[in-house]
A.B. asks: 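Could you have a look at this structure, given as structure tokens, before my questions?
So that the names make sense, note that chain A is the first sequence line, chain B the second, and so on, each numbered from 1. What you see below is based on every heavy atom in this structure, not just the backbone, and it leaves out hydrogens, waters and symmetry mates.
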Amino acid sequence: MGKKLLITGNEAVGYGAIYAGCRNYFGYPITPQNEVVEFFARELPKIGGNFVQTESELTSINMLYGAVATGVRAMTSSSSTGFSLMQECIAHMAYCSLPAVIVDVQRGGPGAGSTQTAQMDYAQVTKGGGNGDYYPLVLAPFSVQEIFELIQRAFYLADKYHHPVIVLSDAILGQMMENLELYSINFGPLPAKDWAATGQGERKYRNTVPNIWTFFNNYRDIIVNLGKKYQEITDNEVRFKTYEIEDAEMVIVAYGSSARISLETLRRLRPEGYKVGLIRPITLWPFPTKIIRETSHRVRNFLVVEDSLGQLVEDVEFAVEGRAGVHLLGSLARHLPTSSGMIFPKTVSEEVKNILCHK
Amino acid sequence: MPQIDHPERELLCGGPESYTGLPTMYCPGCHYGTVARVICEAIDELGIKKQAIGVAGVGCHGFMIGTIATDFVFALHGRGPGVATGIKRSQGGKPIVFTIQGDGDLAAIGMGDIINAIGRGEKLTTIFCNNAGYGTTGGQMAPTTLLEQVTTTTPTGRDPQVAGYPIHVAEMLAMLRGTAYSARGALTSRKNYNQTKKFLNLAFQKQMDGIGYGFVEILSACPSTLHMPPNKALKWVEEYMIAEYPLGEFKNVKEIL
């Protein structure tokens, strides 16, 4: 058993990275993820790591690019608007096949929006917010412990596929405190980073990032290899969790803090006899299309709970293919008109009852 | 560079050790091939080929990734100093990291990046290729374009009321505390070439000694932007560019207090 702490989700990001062997962090303060920046500023120097406070998110992501090009584990984090500034380089790292970990602690948008919680970056994160054909792997935790575990998994997946991995958190998850048990997860062996630009040294050949020969001569190979990689990831890395869907008449689909709220809804409604289940995608890309498609053959309705005007709901509709009703409980169901508004289990319960009784 | 092994022949002249042997891909009369050579020679003289990592940016200078035989990372437009910081710091300060940047890359889109890298006290070296225009995209105005100079986006000449003034980067960066060395050279004569190589050696040395940022601006001719034959483009650099951008050292300190 590892050491136990009572800690915020943002600090769990830091512990996850350190337990994954990451010793390089580059970041710029932005609410609501400042605790991540401050954690690394405090903890990395103690263990011989490198922390740099950058002048912008543009530089954060480009320093990360430089660091991972040398083969080390490194990460950055930001929140929605700052994360938007990083898109060009995330796309470039997908092009260069580089392993990088980026955390987006979502806040309200569009644009400067609000500093408080929302889940409005789903489309940007899962469809690739930069230019060109790329999809970053996206992991969506829903508790402090899971943030810690998925950060470790993110580093593993980044190294396994040489591809950017995004961990999608939000202001609620980042700011809330929970118990965290610290331990390292061993995911198994990884390919050697013999492509890294570390200075030629004793190596017989020089390394360039991206590989100079594909860069100058063979663009098609880059596209073909990316396509193969996306297929391999889609075949092997889909992760999700189901809760009481076996006998369910309707199923909620939600990720992140909304999944937490939805799980509480289940806990309240099941004793009352309502047959409601929950599918919680853990990887948002690749999306767990198959389980939702299978479930759509035997339930009449899905309810998507997400704190946006409807982004995740499009992927659910694609999976359901019109076999069942797909309803959305989004940002309009917040309890306040101000930016502090949230979707509470009570509202979700009412919507579930409404659907079960009338649709 | 791979040298032909001929025991009966004596090699009188060849490419620098740090030259890959690939063709430079530049237009006739472009100075960038010479920029690559002078960098290669400086790297050879300092003996840092095996520990150097280059960062090339977006622009014709980016092709030097194929010319200079060190490890290289290709940065996005303007982001060289940030990428170089990531490389240098994550490797515990061990490699010698240099960026090659053009006047669009450094003086326009990446001006904030270079200033903040120097502000952070990075120990890096930047080679700034100033050819008074955007060659790669077909000859548009750069921040370093001279007044009255005709480009495709200043078709009647650069008018300061509309398009502002040329930026003197080497002088400006010399004012920053983190700069250990700042100089401007040209390649229009053997004398200027040798002086530029001396500047480069010193700019690398400041990094190697851990003193601070080393910066060298190199004035270059771009016959395509100027719509001139090579000899006239070279003369233009001598007559107009050097008059606007004086050659020499602007800062050279042994330590930063």
A.B. asks: So, does Arg206(A) use its side chain to make a donor-acceptor pair with the main chain of Thr70(B) at under 3.5 Å?
C.D. replies: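 Pair found, side chain donor or acceptor close to backbone of Thr70(B).
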A.B. asks: For the residue pair Gly86(B) and Phe26(A), what are the closest heavy atoms and their distance?
C.D. replies: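 Of all heavy-atom pairs spanning Gly86(B) and Phe26(A), the closest is CA-CZ, 4.2 Å.
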A.B. asks: Tell me which one of Asn116(B), Val83(B), Asp113(B) satisfies side chain to side chain contact (heavy atoms under 4.5 Å, CB included) with Thr59(A).
C.D. replies: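 Among Asn116(B), Val83(B), Asp113(B), the one meeting side chain to side chain contact (heavy atoms under 4.5 Å, CB included) with Thr59(A) is Asp113(B).
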A.B. asks: Does atom OH of Tyr230(A) have more than 12 heavy-atom neighbours, drawn from other residues, nucleotides or ligands, at distances under 6.0 Å?
C.D. replies: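 Yes, enclosed.
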A.B. asks: With a 4.5 angstrom heavy-atom cut-off, which part of Thr198(A) approaches chain B: side chain, backbone, both or neither?
C.D. replies: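 Looking at Thr198(A), backbone and side chain both touch chain B.
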A.B. asks: With only heavy atoms counted, which part of Glu88(A) is less than 4.5 Å from chain B, the side chain, the backbone, both or neither?
C.D. replies: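 Looking at Glu88(A), backbone and side chain both touch chain B.
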A.B. asks: If every non-hydrogen atom of Ala67(A) is compared with every non-hydrogen atom of Ser90(B), which pair is closest and at what distance?
C.D. replies: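 Smallest interatomic distance, heavy atoms only, reads CA-OG, 3.6 Å.
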A.B. asks: Looking at Met175(B), I'd like to know if its CE atom is crowded, meaning that more than 12 non-hydrogen atoms belonging to other residues, nucleotides or ligands lie closer than 6.0 Å.
C.D. replies: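 No.
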A.B. asks: Distance from Phe63(B) atom CZ to Ile212(A) atom CD1, nearest 0.5 Å?
C.D. replies: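 Phe63(B) CZ to Ile212(A) CD1: 10.5 Å, rounded to 0.5 Å.
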A.B. asks: Looking only at atom types and distance, does a side-chain atom of Asn50(A) sit under 3.5 Å from a main-chain N or O of Arg89(B), one as donor and one as acceptor?
C.D. replies: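 Flag set: sc Asn50(A) to bb Arg89(B) pair under 3.5 Å.
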A.B. asks: Has Arg177(B) got more than 12 heavy atoms of other residues, nucleotides or ligands less than 6.0 Å from its CZ?
C.D. replies: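 Check fails, neighbour count at 12 or below.
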A.B. asks: Under a 4.5 Å cutoff for heavy-atom pairs, which residue among Gln53(A), Met63(A), Arg23(A) has the most contacts with chain B?
C.D. replies: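 Looking at each option in turn, the highest pair count goes to Met63(A).
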A.B. asks: Quick one: does Glu55(A)'s side chain get under 4.5 Å of Ile115(B)'s, heavy atoms only?
C.D. replies: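 They are not in side-chain contact.
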A.B. asks: Which atom pair, heavy atoms only, marks the closest approach of Ile53(B) to Ala197(A)?
C.D. replies: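 What the structure gives for the nearest pair is CD1-O, 3.5 Å.
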A.B. asks: Would the number of heavy atoms belonging to other residues, nucleotides or ligands and lying under 6.0 Å from CG of Asp209(B) be above 12?
C.D. replies: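 Correct, the count exceeds 12.
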A.B. asks: Would you say NZ of Lys228(A) has more than 12 non-hydrogen atoms from neighbouring residues, nucleotides or ligands within 6.0 angstrom?
C.D. replies: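 No, not enclosed.
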A.B. asks: Just wondering, more than 12 heavy atoms not from Asp133(A) lying within 6.0 Å of its CG?
C.D. replies: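 12 or below, so no.
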A.B. asks: Does Tyr135(A), at its OH atom, have more than 12 non-hydrogen atoms belonging to other residues, nucleotides or ligands within less than 6.0 Å?
C.D. replies: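 No, OH of Tyr135(A) has 12 or fewer neighbouring heavy atoms, counting only those of other groups under 6.0 Å.
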A.B. asks: Look up atom OH in Tyr65(A) and atom CG in Leu76(B), then write down how far apart they are to the nearest 0.5 Å.
C.D. replies: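 The CG atom of Leu76(B) is 6.5 Å from OH of Tyr65(A), to the nearest 0.5 Å.
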A.B. asks: Could you tell me which of Leu58(A), Thr54(A), Asn207(A) has the largest number of non-hydrogen atom pairs under 4.5 Å with chain B?
C.D. replies: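 Going by pairs under 4.5 Å, I would pick Asn207(A).
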A.B. asks: With respect to chain B, which residue among Ser60(A), Gly201(A), Gly71(A) yields the maximal number of heavy-atom pairs within a distance under 4.5 Å?
C.D. replies: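 Top option by heavy-atom pairs under 4.5 Å: Gly201(A).
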A.B. asks: Which atoms of Ala69(A) come close to chain B, meaning under 4.5 Å heavy atom to heavy atom: side chain ones, backbone ones, both, or neither?
C.D. replies: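 Side chain of Ala69(A) only, per the 4.5 Å heavy-atom cut-off to chain B.
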A.B. asks: Does any backbone or side-chain atom of Tyr25(A) lie under 4.5 Å from a heavy atom of chain B? Answer side chain, backbone, both or neither.
C.D. replies: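 Neither part.
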